[in-house]
Amino acid sequence: MPLPTHFFVALAFSLSLLTHVAARPASYAVWAADSAIKRKQGNGLDGSGKGSVSYEHGELQWGLRLLYERTGNQSYYTYIQAGADNIVSSAGTLHDNYKLSDYSLDPVRTGPTLLYLYDKTGATKYKTAFETFKSQLNSHPRTAQGQYWHKLRYFNQGWLDGIYMGDVFYAQYVKTFQSSNATAWSDITSQFNLMYQNTLQTSGNLGLLYHGYDYSHTAPWASSDRGHSPEVWDRALGWYMKALVDVVEIMPTSVAGRTTLLNILQALAPKIRDAADPTAGVWWLVMTQPGRSGNYFESSGSAMFVYSLLKAVRLGYIKDTDGSIVKAMKKAYQYMTANWVVANSDGTMSWKNTVEVRVFLVTTELAF
Ligand SMILES: *[C@@H]1O[C@H](CO)[C@@H](O)[C@H](O)[C@H]1NC(C)=O
Ligand SMILES: *[C@@H]1O[C@H](CO)[C@@H](O)[C@H](O)[C@H]1NC(C)=O
């Protein structure tokens with residue numbers, strides 16, 4: 001089973017808060033990374049060896065960078081760069097499985113890798129490539145309120161996923177090249193805020209975020225009142241939470257909208273803590289239907305919550321005065337390592353209980 005990078009990213013940060021990590025390779029993060037590298041995951045190529053501008057790869061590279069910074073192991077940096085060079089030509093064009101005219105936020109998630117490599121190497125080709133993503137954002141279709149559509153073919157739809165795919169890059173770009181551009185920071189803040197306002201549960205008392213919304217209320221899944229999707233999906237909310245903590249970290253403290261993001265984070269963190277299964281301590285795939293037949297404890301969203309909430313506490317973005325958030329995240333982490341890590345006979349690890357996305361029909365894709 002492929003190794004989801006959320007898990008590895010989560011571990012890279014959460015390890016510092018834990019005292020008894022099993023004596024595997026140096027850490028679960030190292031074990032996960034070395035396993036992914038051995039399997040050639042996230043290397044900028046698809047299964048048939050063709051270049052692939054893919055958010056999964058961007059996400060793995062983000063995790064590898066964090067691990068590189070922590071361990072100094074040059075192999076991680078080399079792997080990130082080789083992965084980028086599989087999708088960026090020497091002239092700076094992106095592999096042609098990326099099409100700007102699709103206006104999909106997903107491939108933009110590889111943008112932070114290119115910003116990072118430009119910073120490290122100064123090579124113009126990386127700049128040319130990430131400027132393509134920036135020009136996509138400049139002309140990206142939006143709802144009347146200003147929310148980026150998730151994709152051109154998802155007319156008027158904002159998805160939690162898109163916040164992670166588009167706005168981490170947008171924030172890192174603005175910080176690097178236009179850090180005093182108040183309009184840009186306000187736009188980034190607004191992406192988070194519009195998503196929060198339009199998807200926040202107002203019934204059911206969970207206080208979480210539905211997977212997405214259709215501002216035109218025409219999608220078959222859209223609620224008649226606010227256009228939101230019917231369920232809360234752990235992985236989508238996980239992406240939103242990761243984007244929140246990562247963008248708060250990127251955003252200069254002088255930016256007014258940072259308070260808006262902190263308020264959202266502070267509102268959601270205790271709701272996520274309280275939504276964990278009381279016995280196992282981890283989260284259901286469909287958070288709105290705990291215990292329903294076919295629903296299960298899902299590992300990628302759980303890892304993303306652990307990453308986000310521990311990082312938020314560690315960096316002081318949320319107060320955890322009674323320690324209940326760290327306690328809950330440690331409980332989840334212990335469940336994760338005890339139940340979902342699989343030690344393979346070749347020394348690599350796998351990670352189970354995550355989702356496989358199967359697209360049956362475009363219109364049902366947002367069933368969660
Ligand atoms: C560095 O990472 C590589 C790639 O995963 C791994 O094979 C190697 O053992 C690591 N080196 C050290 C010194 O940990
Ligand atoms: C500031 O940001 C906005 C929104 O991203 C952009 O349209 C504008 O060109 C930027 N201005 C400068 C001076 O970079």
Side-chain angles (χ1 to χ4, degrees), residues 2-3 5 7-9 11-12 15 21 23-44 57 59-84 86 100 103 105 108 111-112 115 127 130-143 145-149 162-163 165-194 243 247 250-252 254-258 260-261 341 343-344 346-351:
L3 177 73
T5 56
F7 170 67
F8 152 62
V9 172
L11 293 178
L15 285 173
V21 171
R24 300 284 183 178
S27 67
Y28 281 107
V30 166
W31 195 13
D34 293 354
S35 302
I37 289 172
K38 193 164 178 188
R39 287 192 284 258
K40 302 184 164 54
Q41 289 179 278
N43 66 353
H57 300 204
E59 198 177 6
L60 179 81
Q61 289 155 352
W62 179 274
L64 287 180
R65 174 179 62 77
L66 298 176
L67 195 58
Y68 171 57
E69 286 165 0
R70 171 165 290 237
T71 64
N73 184 337
Q74 191 69 27
S75 298
Y76 300 135
Y77 179 84
T78 305
Y79 194 80
I80 295 168
Q81 188 165 26
N86 281 330
L100 189 151
Y103 285 106
L105 292 175
V108 177
L115 285 164
K127 183 164 187 353
F130 65 65
E131 289 296 352
T132 303
F133 289 139
K134 183 59 170 55
S135 59
Q136 177 187 326
L137 293 184
N138 291 347
S139 54
H140 203 94
R142 297 170 182 254
T143 65
Q145 291 179 311
Q147 184 95 64
Y148 288 138
W149 298 1
I163 296 290
M165 302 307 165
D167 292 293
V168 178
F169 167 71
Y170 192 179
Q172 189 65 49
Y173 180 96
V174 170
K175 182 180 184 156
T176 309
F177 298 108
Q178 312 171 358
S179 76
S180 56
N181 186 339
T183 311
W185 288 122
S186 147
D187 189 23
I188 291 164
T189 306
S190 168
Q191 297 304 314
F192 282 91
N193 198 34
L194 287 170
V247 168
I250 291 165
M251 214 177 234
S254 57
V255 172
R258 196 165 176 275
T260 308
L261 299 192
V341 171
N344 300 317
D346 66 356
T348 60
M349 66 164 272
S350 295
W351 172 246

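Just so it is clear, the values below take in all heavy atoms, side chains as well, and ignore hydrogens, waters and symmetry mates. We number each residue from 1, following the sequence as shown. When a ligand or atom number is given, it counts from 1 through the structure's own listing order. Note that the structure is a prediction, hence the values are computed from the model and not measured.
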TODO: Just go through V174, D187, N181, T183 and tell me whose heavy atom is the nearest to atom 2 (O) of ligand 2.
DONE: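 Looking at heavy atoms only, the winner is N181.
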
When rounded to the nearest 0.5 Å, the distance separating CD1 of I163 from CG of L105 is 8.5 Å

Worked check of side-chain contact (heavy atoms from CB on, under 4.5 Å) between Y76 and V30: CA-CA 10 Å; Y76 300 135; V30 166; 3.8 Å; yes

task = Kindly state if atom 5 (O) of ligand 2 has a protein heavy atom within a strict 4.0 Å cut-off, that is, under 4.0 Å?
result = yes

Would a search of protein heavy atoms around atom 9 (O) of ligand 1 find one under 4.0 Å away?
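It does not; no protein heavy atom is within 4.0 Å.
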
Heavy-atom donor-acceptor pair, [X] side chain to [Y] backbone, under 3.5 Å:
X    : Y    : result
N344 : D346 : no
D167 : F192 : no
Q147 : Q191 : yes
S179 : T176 : no

(request) Record the part of Y170 in heavy-atom contact with ligand 2 below 4.0 Å; permitted values are side chain, backbone, both and neither. (result)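 It is the side chain that touches ligand 2; the backbone stays farther off.
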
Under 4.0 Å from one or more heavy atoms of S75, ligand 1 contributes atoms 1 (C), 2 (O), 3 (C), 4 (C)

Under 4.0 Å from one or more heavy atoms of I37, ligand 1 contributes atoms 5 (O)

If you have a sec, work out which protein heavy atom is nearest atom 14 (O) of ligand 1 and how many Å separate them, to one decimal?
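Looking only at protein heavy atoms, the one closest to atom 14 (O) of ligand 1 is N73 ND2, 3.6 Å.
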
Per-atom filter on ligand 2: closer than 4.0 angstrom to a heavy atom of Q178 are 1 (C), 2 (O), 10 (C), 14 (O)

